[in-house]
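Let me give you the structure first, and then I'll get to my questions.
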Amino acid sequence: MQGLLNSLRRTDYTKNITPELSGEDVIIMGWVHEIRDLGGIVFVLVRDKDGLIQITAPSKKVDPEILEEIRKFRKESVVAIEGTVQKSDKAPNGVEIIPRKIEMLNLAQQPLPMDPTEKVRAEIDTRLDSRFLDLRKANISSIFKIKSQMFHTIRDFFYENGFVEINTPKLVASATEGGTELFPITYFEKEAFLGQSPQLYKQIMMSSGMDKVFEIGQIFRAEEHDTLRHLNEAISIDAEASFMDDVDMMEVLNNMIKQVIIDINEKCSDELNTIGHEIPIPEDPFPKVTYDEAVDIVNSKGVEMEWGEDLSRAAEKALGDTVGGFYFLTEWPSAIKPFYVMPLESDPKKSHAFDLMYDNLELSSGATRVHQYDLLVTQIEERDLNPGAFGSYLKSFKYGMPPHAGWGVGADRLTMVLTGVNNIRETVLFPRDRHRLTP
RNA sequence: GCCCUGGUGGUGUAGGGGCUAUCAUGUGGGCCUGUCGAGCCCGCGACUCGGGUUCAAAUCCCGGCCAGGGCGCCA
């Protein structure tokens, strides 16, 4: 039986074709990047996943049919080219291919909706409308190769540290957790919502005896925000561990972030180079700044902030300018944190909650959780929520819930830090924001 | 959601009551044997939508939609 490509198979990626292969026969497959027809000689640049190679067709050396085929090329068409590698000082990277056989696999229509060679820069909106073309640019695909390595390292890190990977439902029954707006959906005859966070599920898992769990998954928030750092669908990296507290989990988070940066420097140096970004390996431990200290810093910078308030954008910027890099904000006021956060024994107005910041960007929130049933019910009531709506969650606290702590990291925001982009949409293949639902 | 700014060929732009609507890139055709942002010649292609003002609107006014920036919201 023969497949669509018959016997035609790629022998090499363009990146691996070096002058040392001179004289060898190769088959490459990819996209027509540029065509320069000089009449008696035609140059074509063919691009594949991470490189470019020049195809050189001099009329005296190649079959006239080959030249005829090449003249039918249009930019971004998909082609297969069989030919001989030739070392040449005049070719880019000192190497080119003299074609012997050409297969047009798919002709691209013209004009293109945007220019992947970036002679004319497109705006992000135009780029997202044609994201598949946008991703053909090395500087854009590099962001996602770095993001992929980030997830790879994070999974390795969790597995090496004894965490079990879990998946919790994204279709949830109620909006009772409070806080953010949820997307309502129709679930047969019932009303349901898209999950805003795996928080309650990963806590229930602490009562399962699995000890340490993590989840990497989508979260949905129906807020009408319109900023460079918010999306309505995001990826959250969530971790929860029993018999650990906020201090332990800050250390886990610190170690994980550091390992991600080490690995990306080591394994994604080409991609970092392509996007022109450097991420120095941070010194640890990351500094810890208490909320009390943060209020003083913010006020000393001329930004008004009362104790008990959440950070305004101006406050975040003041802190970022003063502290900078990765740092933890600790001992948040209990009142502005969720019901499941453990208050300080010495001063219940403050809590065992922390945020991880990078400059002025919040990357993560975490805390020691309340594991005592009665205290949890009290804190739910204090926030004017109905404990009755938390039945299946609260149940797991009645029959042996261990002390535990955890955090959630915004994966797309972490990617922003790793790649140095200033718009979170750059870090998501197909972002969902206030206005965009396609592609 | 609020404030500010904007929306002109496929893309990125100039212009700002009466113009044949600028330029680049692209695209179609032609010339050219070492291009590499190739070059040269010829052609193609646009004023966000709906109202209003005016003899006349791409241009001014109002509204919608969309975008950029800032803020808010974001347990």
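All heavy atoms count here, side chains included; hydrogens, waters and symmetry mates do not. Residue numbering restarts at 1 for every chain, and letters A, B, ... go by the order of the sequence lines.
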Could you measure between the two P atoms, the one in B:rA24 and the one in B:rC41, and give it in whole Å?
11 Å
Is a donor from one side chain sitting under 3.5 angstrom from an acceptor on the other, for A:S236 and A:D238?
yes
At 4.0 Å (heavy atoms only), tell me whether A:E96 reaches a base, stays on the sugar-phosphate, or touches nothing.
base
Give a yes or no on whether a donor-acceptor pair under 3.5 Å exists between the nucleobase atoms of B:rU35, that is its base, and the side chain of A:Q54.
yes
Tell which nucleotide pairs with B:rA14, taking only Watson-Crick or G-U wobble pairs whose two distances are both under 3.5 angstrom.
none
Summary of protein contacts for nucleotides 26-31 of chain B, nucleotide by nucleotide, where a base hit scores B, a sugar-phosphate-only hit scores S (4.0 Å, heavy atoms):
SSSS--
Between A:H230 and A:E223, a side-chain donor and acceptor under 3.5 Å
no
Between A:D355 and A:S365, do the side chains contain a donor N or O and an acceptor N or O under 3.5 Å apart?
yes
Look at all strands and tell whether A:I336 reaches a base, only sugar-phosphate, or nothing, counting heavy atoms closer than 4.0 Å.
nothing
hbond_proxy A:S365 side chain to B:rA75 base (donor-acceptor, 3.5 Å cutoff)
no
What does B:rG9 pair with, Watson-Crick or G-U, if both distances are under 3.5 Å?
none
Would you indicate what A:K61 reaches in the nucleic acid, counting non-hydrogen atoms under 4.0 angstrom: base, sugar-phosphate, or nothing?
nothing
Could you tell me which residues satisfy ring-ring contact (aromatic ring centres under 6.0 Å, His included) with A:Y291, sequence neighbours excluded, listed by chain and number?
A:W307, A:W332
Which part of the nucleic acid does A:I124 contact within heavy-atom distance under 4.0 Å: base, sugar-phosphate only, or nothing?
sugar-phosphate
Does A:R434 reach a base, just sugar-phosphate, or nothing at all? Heavy atoms under 4.0 Å.
sugar-phosphate
Hunt down the Watson-Crick or G-U wobble partner of B:rG39, both distances under 3.5 Å, from any strand shown, or write none.
B:rC31
Which one, B:rU33, B:rG69, B:rG10, comes nearest to the side chain of A:P113?
B:rG10
When rounded to the nearest 0.5 angstrom, what is the spacing between CD in A:Q199 and CD in A:E215?
11.5 Å
Taking B:rA75 as the reference, what is the distance to B:rC49 when you measure between their C1' atoms (whole Å, please)?
41 Å
Ion pair check, A:D270 and A:K145, cut-off under 4.0 Å:
no
Nearest-nucleotide wise, let me know which of A:F43 and A:R383 is further upstream toward the 5' end of RNA chain B.
A:F43
Matching residue for A:H404 among A:K202, A:R369, A:H371, A:Q203 - test: side-chain hydrogen bond (donor to acceptor under 3.5 Å, both in side chains):
A:Q203
Heavy atoms under 4.0 Å, any strand shown: does A:R221 hit a base, just sugar-phosphate, or nothing?
base
Scanning all shown strands, the Watson-Crick or wobble mate of B:rC2 with both distances under 3.5 Å is B:rG70
Under 3.5 Å, is there a donor on one side chain and an acceptor on the other for A:N422 and A:R229?
no
At less than 4.0 Å, is any side-chain N or O atom of A:H435 found next to OP1 or OP2 of B:rA67? Yes or no.
yes
For B:rG37, does OP1 or OP2 lie under 4.0 Å from any side-chain N or O of A:T117?
no
Under 4.0 Å between any heavy atoms, over every strand shown, what does A:K60 touch: base, sugar-phosphate, or nothing? Just pick one.
base
Roughly how many Å is it from CD in A:E309 to C1' in B:rG72, rounded to a whole number?
14 Å
Using only modelled atom types and a 3.5 angstrom limit, is any donor from either the side chain of A:Q196 or the base of B:rA75 paired with an acceptor on the other?
yes
When only distance counts, do a donor and an acceptor, one from the side chain of A:T126 and one from the base of B:rU11, lie under 3.5 Å apart?
no
Does B:rC44 pair with anything, Watson-Crick or G-U wobble, both distances under 3.5 Å, and if so, with which nucleotide?
B:rG26
Describe the nucleic acid contact of A:A91 in one word from base, sugar-phosphate, nothing, applying a heavy-atom distance below 4.0 Å.
base
Provide the full list of salt bridge (charged side-chain N to carboxylate O under 4.0 Å, His left out) pairs with a residue in residues 21-34 of chain A, sequence neighbours left out, each pair given once.
A:D25-A:R100, A:E34-A:R36, A:E34-A:K119
